[in-house]
Amino acid sequence: MEEVSGQQDWHELAPFIATAKVPIVLQFATSACVLCPDASRRINELMKTHHFSWHHMDATISELAVELEVTKLPAIAIIHSAGRYR
């Protein structure tokens, strides 16, 4: 898992997105989130059977979390390209 820290924007994720050969799973979490460790374990298990890149972002300092209106944690964004995500 790649840690993406600090204030985040799409442009700061652009290097990951531009070079990605597989979808990117972006996990928004906080240290206070009680459900986040279980979500991390589940994503880690999925990596054994699915091909994707996993990045973690602290939702408390993420501009991207605000832009995507993340209101509950854990939250996951699947990014296929800069214009294609869910």
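- Residues satisfying the side-chain hydrogen bond (donor to acceptor under 3.5 Å, both in side chains) criterion with Lys72, sequence neighbours excluded, are absent altogether.
- Linking ILVMFWY residues whenever their side-chain heavy atoms come closer than 4.5 Å, directly or via other members, places Leu46 and Trp54 in the same cluster.
- Side-chain contact between Ser53 and Pro23 is absent, with no heavy atoms from C-beta onward closer than 4.5 Å.
- A distance of 9.0 Å separates CG in Leu73 from CD in Gln27, rounded to the nearest 0.5 Å.
- Separating the CD1 atom in Ile79 from the CG atom in Leu64 is a distance of 6.5 Å, to the nearest 0.5 Å.
- Looking at Pro74 and Phe28, their side chains never come closer than 4.5 Å, going by heavy atoms from C-beta outward.
- Linking Ile, Leu, Val, Met, Phe, Trp and Tyr whenever their side-chain heavy atoms come within less than 4.5 Å puts Ile78 and Ile43 in one cluster.
- For the atom pair NE2 of His55 and CG of Leu26, the computed distance is 8.0 Å after rounding to the nearest 0.5 Å.
- For the pair Arg42 and Glu45, the salt-bridge criterion is not met [side-chain N within less than 4.0 Å of a carboxylate O].
- Hydrophobic clustering (side-chain heavy atoms under 4.5 Å, transitive across Ile, Leu, Val, Met, Phe, Trp, Tyr) groups Val25 together with Met47.
- Here Val34 sits in one hydrophobic cluster together with Leu35; the rule is ILVMFWY side chains under 4.5 Å apart, joined directly or through other members.
- Contact record, Ala65 with Ala59: CB-O, 4.1 Å, taken as the closest heavy-atom pair.
- For the residue pair His51 and Val22, the shortest heavy atom distance occurs at O-CB, 3.7 Å.
- Note that the NE2 atom of His56 and the OG atom of Ser40 stand 5.5 Å from one another [nearest 0.5 Å].
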